[in-house]
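Predicted model, so just to flag it, every value in this text is computed and none were measured. A note on names: the letters A, B, ... follow the listed sequences, proteins ahead of strands, and every chain is numbered from 1.
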Amino acid sequence: MITDPRVFRDDHLPRELKHREAEIEDLSHALDPALAGRPAADVLLAGPSGVGKTALARHTLGKLDQFATVAHTHIQCLGESTTDVLQAALDDLPGHSATDAASVDDLRVALREAVDQPAILVLDEADSLPETDVLDVLDDVPLVSFIAVVHDPQRWLSRAPDAVRRAVSGPIQLGRYGVDELSSILRARANVGLRPSVVSDDQLRGIADEVAGVARSGIQVLRAAAEVASERGHARIHDTDIEDAYERAQHRIRRSKLYSLTFHHHVLYGLVHEAGEVPAGELHDRYDAVGEQMYYGRERTPVGRRSRRNKLRKLVEYELVEAVGDSKSRVYRVVDESVTPSLDSGMCVESVESDDAGNTTSF
DNA sequence: TATCCACCGGAATTTATGGAAG
DNA sequence: CTTCCATAAATTCCGGTGGATA
């Protein structure tokens with residue numbers, strides 16, 4: 001059924017990016033100066049999960065390569081520290097002799113020395129950059145510019161250094177795809193990655209509609225549907241295969257997000273999952289009650305309430321937990337009951353599995 | 001309505017960790 | 001080995017918000 005698995009991977013970049021012409025144009029425009037040896041503009045690229053922010057950046061940089069060689073590199077910022085990010089930039093950009101074990105200041109200096117041509121960094125998942133040190137340094141290296149890929153541009157801007165806030169252009173805002181748009185994208189993937197005529201246009205429209213225009217989800221559903229159909233010995237994809245595929249795909253995506261988080265997050269997720277829906281105060285009480293034994297025998301110890309709020313916020317960002325209401329009336333609940341916690345308040349069995357979907361689970 | 005209380009989240013501060021210098 | 005320093009994580013402090021209660 002699946003003839004080319006590559007086209008269903010998260011990191012697959014199709015030759016043509018459909019329905020993003022205007023955004024490609026905007027981004028190209030911002031990068032234009034680099035073609036003439038001048039620094040490109042810093043750009044903010046915003047939009048919800050899975051609608052092609054990263055693909056847009058990669059695609060546009062690829063186009064740039066056709067006209068001139070402009071150094072660029074892609075950096076995954078999620079969970080990385082300031083030095084990790086800067087070190088990655090230094091390693092991937094041309095023209096530097098390997099330096100390691102460097103402080104932020106050393107890296108700043110090294111970058112200034114190494115870069116003598118315009119260079120562009122794609123800062124993926126830049127929401128999670130630990131504070132603004134990275135941006136301060138980049139602001140200090142004139143030839144280096146960045147494309148910051150974020151979910152919430154207002155929040156990002158409010159935390160950015162003043163100089164960056166003034167200079168950055170955009171945000172280029174990507175929305176969810178319409179049903180027509182996404183089904184044509186899915187059709188293109190099916191044509192390349194699946195045997196001919198195994199899925200109908202109506203079925204693709206159904207998928208596009210159900211995933212609410214989130215391309216990543218749509219593509220994973222299509223892939224899972226083909227897998228399910230194969231497992232059942234179907235020659236074509238049946239509607240029932242798609243129904244079951246939806247579960248499988250969403251479940252996979254969510255589960256790998258959960259696994260990428262720390263033990264603290266797992267404890268809190270487990271408590272919310274167990275309760276179904278729980279007011280903030282009660283959640284904290286439960287944490288206090290079972291915390292000691294949950295953490296027993298681990299290198300980590302229970303955290304205070306303020307830190308828990310940060311963990312919970314992360315769970316909300318990852319769309320694993322929903323927070324309804326503000327302040328006093330805040331209630332937490334899990335988004336998908338079927339994503340079961342890796343531990344419960346009794347035993348602490350944690351099985352760490354790799355993401356078998358072959359995806360870099362970003363969000 | 002006025003007041004209180006619990007929670008949220010920004011900012012400042014403290015603590016823990018790892019790596020380099022002496 | 002000890003000291004010093006940088007960084008990340010956690011905590012403390014606190015103003016803001018909005019239900020609950022008198």
Side-chain angles (χ1 to χ4, degrees), chain A residues 75-91 97-112 123-141 150-165 260-269 271-272 275-292 294-335:
Chain A
I75 300 171
Q76 182 60 246
C77 303
L78 183 62
E80 303 298 321
S81 67
T82 302
T83 48
D84 290 338
V85 171
L86 293 175
Q87 187 72 57
L90 201 51
D91 289 343
S97 49
T99 56
D100 48 35
S103 69
V104 171
D105 248 1
D106 294 340
L107 287 162
R108 181 202 308 265
V109 172
L111 264 179
R112 290 184 71 114
L123 302 176
D124 213 340
E125 307 297 341
D127 302 85
S128 64
L129 276 182
E131 294 317 306
T132 58
D133 290 356
V134 170
L135 300 175
D136 278 328
V137 170
L138 296 184
D139 193 51
D140 206 39
V141 186
V150 304
H151 293 118
D152 182 345
Q154 265 63 50
R155 182 176 159 77
W156 190 87
L157 282 169
S158 74
R159 302 170 134 210
D162 286 347
V164 170
R165 194 175 316 138
S260 73
L261 293 171
T262 72
F263 182 70
H264 303 302
H265 297 98
H266 284 253
V267 172
L268 286 163
Y269 182 83
L271 290 173
V272 177
E277 179 172 303
V278 57
E282 194 184 324
L283 177 60
H284 283 301
D285 289 345
R286 291 193 186 210
Y287 185 98
D288 291 330
V290 301
E292 283 302 325
M294 296 272 285
Y295 283 82
Y296 181 78
R298 297 193 170 263
E299 75 276 23
R300 297 195 172 275
T301 54
V303 293
R305 297 195 172 217
R306 181 66 187 87
S307 295
R308 292 176 217 166
R309 289 203 285 273
N310 285 341
K311 313 294 177 204
L312 285 164
R313 182 212 257 268
K314 180 68 88 175
L315 286 168
V316 171
E317 265 182 54
Y318 273 49
E319 294 175 347
L320 291 163
V321 165
E322 221 176 345
V324 187
D326 287 318
S327 68
K328 189 92 181 283
S329 59
R330 169 74 62 93
V331 168
Y332 294 100
R333 96 165 64 95
V334 295
V335 171

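- Straight-line distance from the NZ atom of A/Lys314 to the P atom of C/dA10: 12 Å, rounded to whole Å.
- A side-chain donor-acceptor contact under 3.5 Å links A/Tyr287 to the backbone of A/Val303.
- Scored by the salt bridge (Lys or Arg N to Asp or Glu O under 4.0 Å) test, A/Arg333 finds A/Glu277, A/Glu322 as partners (sequence neighbours excluded).
- In this structure, A/His265 contributes its side chain and A/Thr262 its backbone to a donor-acceptor pair below 3.5 Å.
- The pair A/Asp285-A/Arg305 meets the salt-bridge criterion, with a side-chain N (NZ, NE, NH1 or NH2) lying under 4.0 Å from an Asp/Glu carboxylate O.
- The CG atom of A/Leu261 sits 13 Å away from the P atom of C/dA9 (whole-angstrom rounding).
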Do nucleotides 6-15 of chain B as a string where each nucleotide becomes B, S or -: B if the base has a protein heavy atom under 4.0 Å, S if just the sugar-phosphate does, - if no protein is that close. BBBBB-----
Test log, rule ring pair (Phe, Tyr, Trp, His ring centres under 6.0 Å), inputs A/His264 and A/Tyr295: CA-CA 9 Å; A/His264 303 302; A/Tyr295 283 82; 5.6 Å; yes
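- No engagement by A/Arg308 is indicated, since no non-hydrogen atom pair under 4.0 Å with the nucleic acid exists.
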